Asker: 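Sharing a structure, written as structure tokens. Questions coming.
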Amino acid sequence: MVQGVSIIVTALIENKETKGLACEHGLAFYIEYRDRRYLLDAGQTGICFENADQLGIDVGEIDMAFLSHAHYDHSGGLGEFFKRNQKAKLYLRREALEYGYYKITETAKKDNGFSRETAEKYRDRFVFVEGDQKVAPGVWLLAHHLPGLEERSKKACMYEEKDGVFAPDRLKHEQTLVFESDSGLVVLNSCCHSGAEKVIREVQDVFPGQKIAALIGGFHLMGVDGAGTMAGSREEVEKLAKELRSMGEFRLYTGHCTGTPAFEILKEVLGDQISYFSTGMVLEF
């Protein structure tokens, strides 16, 4: 760890290629904190670990792993991770395994969930998290507790299925990762399905009065046709940007499911407060 730096976050995979590294529609972060190594998510295919090799990161030495939520583009590479790493436990919500998750459009439905094969093969590596939980010194996993998440999911065409019945995703499988750093709280929520502003509000509720240094993750503003599209209107994205700006002077690092059109609008409003965080980039706090 560099002197004066308490946390280092590296994007192992994201939708945009940089530095000659592989990219895909997926997300994975490598985090160094207090002499321990952490992984958040594993991308869609596990190719993020080839990027790790190129970046000089030893995946086998990761001490603890987290799954932000059940979707395939975050959990798909976990099988490869478990092959490369023999010691790290995976901290996740039990609901990540209980339901099949689907993204539904007018014409199609898609299995959007955790690999059943991986779940069965590596079940002994799982640690199920309940509520808001401190999982290591300075490291927290937070559950969603604000109302209205089903409406947000319905608008985003995200549904959960149980016993053949579909309902708007309650996001019980999603969690927020928080590190206490010398610069303030470093918050990671890979897709912010509940809304980036709600993620921040939930952190403020759990850590009243504490400074937030940064929010890192996708904001789930892209349309169902990919990162070149936008789900909401310009006015809605501008409203989100203004609300985030009013909540504090923390930095925002986003990408993945935010989508290019929405990011450009966010950048217009937020200026230097927001940056795109793509494959291979490194943040220090």
Side-chain angles (χ1 to χ4, degrees), residues 15 24-28 40-45 66-78 90 92-120 126 128-131 141-177 188-199 201-202 217-233 236-237 239-240 254-259 261-262:
N15 297 39
E24 65 181 3
H25 177 71
L27 201 60
L40 174 61
D41 295 345
Q44 182 180 158
T45 64
F66 310 107
L67 180 63
S68 66
H69 63 289
H71 292 169
Y72 73 99
D73 50 331
H74 300 262
S75 62
L78 285 173
L90 176 71
L92 71 167
R93 300 283 156 174
R94 190 176 300 276
E95 289 83 359
L97 303 186
E98 290 181 352
Y99 301 126
Y101 291 86
Y102 293 78
K103 186 172 288 186
I104 300 178
T105 67
E106 292 180 357
T107 58
K109 66 181 183 180
K110 181 179 181 180
D111 185 355
N112 204 28
F114 198 103
S115 164
R116 298 296 182 263
E117 180 182 354
T118 299
E120 291 174 6
F126 296 167
F128 295 112
V129 182
E130 303 290 341
L141 289 169
L142 309 185
H144 286 311
H145 56 79
L146 291 177
L149 301 190
E150 291 90 342
E151 283 303 312
R152 182 77 65 127
S153 294
K154 188 175 181 180
K155 185 175 181 180
C157 299
M158 295 194 310
Y159 289 75
E160 63 185 25
E161 180 270 334
K162 187 176 182 181
D163 299 328
V165 178
F166 287 90
D169 193 338
R170 298 167 298 160
L171 301 180
K172 296 292 186 181
H173 59 111
E174 186 171 78
Q175 56 188 351
T176 299
L177 176 61
L188 296 98
N189 187 302
S190 295
C191 284
C192 295
H193 290 116
S194 67
E197 79 286 1
K198 287 196 173 184
V199 170
R201 201 172 307 282
E202 287 175 337
F219 291 175
H220 203 71
L221 298 172
M222 72 179 190
V224 294
D225 292 324
T229 63
M230 190 168 74
S233 66
E236 289 172 323
V237 178
K239 180 181 177 182
L240 169 63
T254 191
H256 181 48
C257 59
T258 298

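Keep in mind that what you see is a predicted model, and the values were worked out from it rather than measured.
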Asker: Should the pair His25 and Tyr72 be assigned to parallel (<30°), tilted (30 to 60°) or perpendicular (>60°) ring geometry?
Answerer: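 Taking Tyr72 first and then His25, their aromatic rings sit tilted (interplane angle of 30° to 60°).
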
Asker: Any side-chain heavy atom of Leu142 sitting closer than 4.5 Å to one from Gln175?
Answerer: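 No; the side chains remain at least 4.5 Å from each other.
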
Asker: Looking at Thr254 and Gly217, what are the two nearest heavy atoms and their distance?
Answerer: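 Scanning both residues completely, I find the closest heavy atoms to be OG1-O, 2.7 Å.
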
Asker: Within the distance-only criterion (no hydrogens, no angle test), does the side chain of Thr258 pair as donor or acceptor with the backbone N or O of Gly218 below 3.5 angstrom?
Answerer: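 No.
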
Asker: Given side-chain contact (heavy atoms from CB on, under 4.5 Å), test Leu221 with Glu236 step by step and report yes or no.
Answerer: CA-CA 10 Å; Leu221 298 172; Glu236 289 172 323; over 6 Å; no

Asker: Less than 4.5 Å apart, any side-chain heavy atom of Phe66 and any of Leu188?
Answerer: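 With C-beta onward as the side chain, the pair stays apart.
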
Asker: Within a strict 4.5 Å, meaning less than it, do heavy atoms of the Leu92 and His69 side chains meet?
Answerer: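 With C-beta onward as the side chain, the pair stays apart.
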
Asker: Answer yes or no: is there a donor N or O on one side and an acceptor on the other, between the side chain of Glu202 and the main chain of Leu146, under 3.5 Å?
Answerer: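 It does hold such a pair.
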
Asker: Would you mind reporting whether Asn189 and Leu177 have side-chain heavy atoms less than 4.5 Å apart?
Answerer: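 The answer is no, as the side chains (C-beta and beyond) never meet within the 4.5 Å cut-off.
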
Asker: Do you know which of Glu95, Arg152, His71, Lys154 makes side chain to side chain contact (heavy atoms under 4.5 Å, CB included) with Asp169?
Answerer: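 Looking at Glu95, Arg152, His71, Lys154, the match for Asp169 under the side chain to side chain contact (heavy atoms under 4.5 Å, CB included) is His71.
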
Asker: ring-ring contact (aromatic ring centres under 6.0 Å, His included) with His144: which residues, sequence neighbours excluded?
Answerer: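 Listed in chain order: nothing, the list is empty.
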
Asker: Does a side-chain heavy-atom distance below 4.5 Å link Asp73 with Leu27?
Answerer: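 Sidechains of Leu27 and Asp73: no contact.
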
Asker: Does any non-hydrogen side-chain atom of Phe126 lie less than 4.5 Å from one of Leu97?
Answerer: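 Side-chain contact under 4.5 Å: yes.
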
Asker: Heavy atoms only: give me the nearest Leu67-Ser75 pair and the separation to one decimal.
Answerer: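 That would be CD1-CB, 3.9 Å.
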
Asker: Give the minimum heavy-atom separation between Pro261 and Ala227, together with the two atoms involved.
Answerer: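 Nearest pair, atom of Pro261 first, then Ala227: CD-O, 3.4 Å.
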
Asker: So Glu24 and Thr45, do their side chains get closer than 4.5 Å, heavy atoms only?
Answerer: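 With C-beta onward as the side chain, the pair touches.
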
Asker: Report yes if the side chains of His74 and Leu40 come closer than 4.5 Å at any heavy-atom pair, otherwise no.
Answerer: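 Side chain of His74 against side chain of Leu40, heavy atoms only: no contact under 4.5 Å found.
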
Asker: Just checking His220 against His256, ring centres under 6.0 Å apart?
Answerer: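 Ring centres of His256 and His220 not closer than 6.0 Å.
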
Asker: Judged by atom type as modelled, is there a donor-acceptor pair below 3.5 Å linking the side chain of Lys198 to the main-chain atoms of Pro147?
Answerer: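 Yes; judged by distance alone, with no hydrogens or angles, the pair exists.
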
Asker: What heavy-atom pair brings Glu174 and Cys191 nearest, and what distance separates the two atoms?
Answerer: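 So the two residues come closest at OE2-CB, 4.5 Å.
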
Asker: In this structure, which one of Glu151, Glu160, Glu150 forms a salt bridge (charged side-chain N to carboxylate O under 4.0 Å, His left out) with Arg170?
Answerer: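 Testing each of Glu151, Glu160, Glu150 against Arg170, the sole residue satisfying salt bridge (charged side-chain N to carboxylate O under 4.0 Å, His left out) is Glu160.
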
Asker: Go through it in stages, so that I can follow the logic: the residues are Thr176 and Leu141, the test is side-chain contact (heavy atoms from CB on, under 4.5 Å), and I'd like the CA-CA distance, side-chain angles, deciding distance and then a yes or no.
Answerer: CA-CA 6 Å; Thr176 299; Leu141 289 169; over 6 Å; no

Asker: Atom OG of Ser68 and atom CG of Asp41: how far apart are they, to the nearest 0.5 Å?
Answerer: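 Rounded to the nearest 0.5 Å, the OG-CG separation comes out at 3.5 Å.
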
Asker: What pair of heavy atoms forms the shortest contact from Val199 to Cys192, and how long is it?
Answerer: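 Nearest pair, atom of Val199 first, then Cys192: CG2-SG, 4.0 Å.
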
Asker: Check Cys257 against Ser190 and note the closest heavy-atom contact, atom names and distance.
Answerer: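 Taking every non-hydrogen atom into account, SG-O, 4.4 Å.
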
Asker: Could you measure the distance from the CZ atom of Phe114 to the CD atom of Glu98? Nearest 0.5 Å is fine.
Answerer: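 If I round to the nearest 0.5 Å, the distance is 13.0 Å.
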
Asker: My understanding is that only residues two or more places apart in sequence, or in another chain, count here; which of them pass ring-ring contact (aromatic ring centres under 6.0 Å, His included) with Phe128?
Answerer: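 If we apply the ring-ring contact (aromatic ring centres under 6.0 Å, His included) test to Phe128, skipping adjacent residues, there are no hits.
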
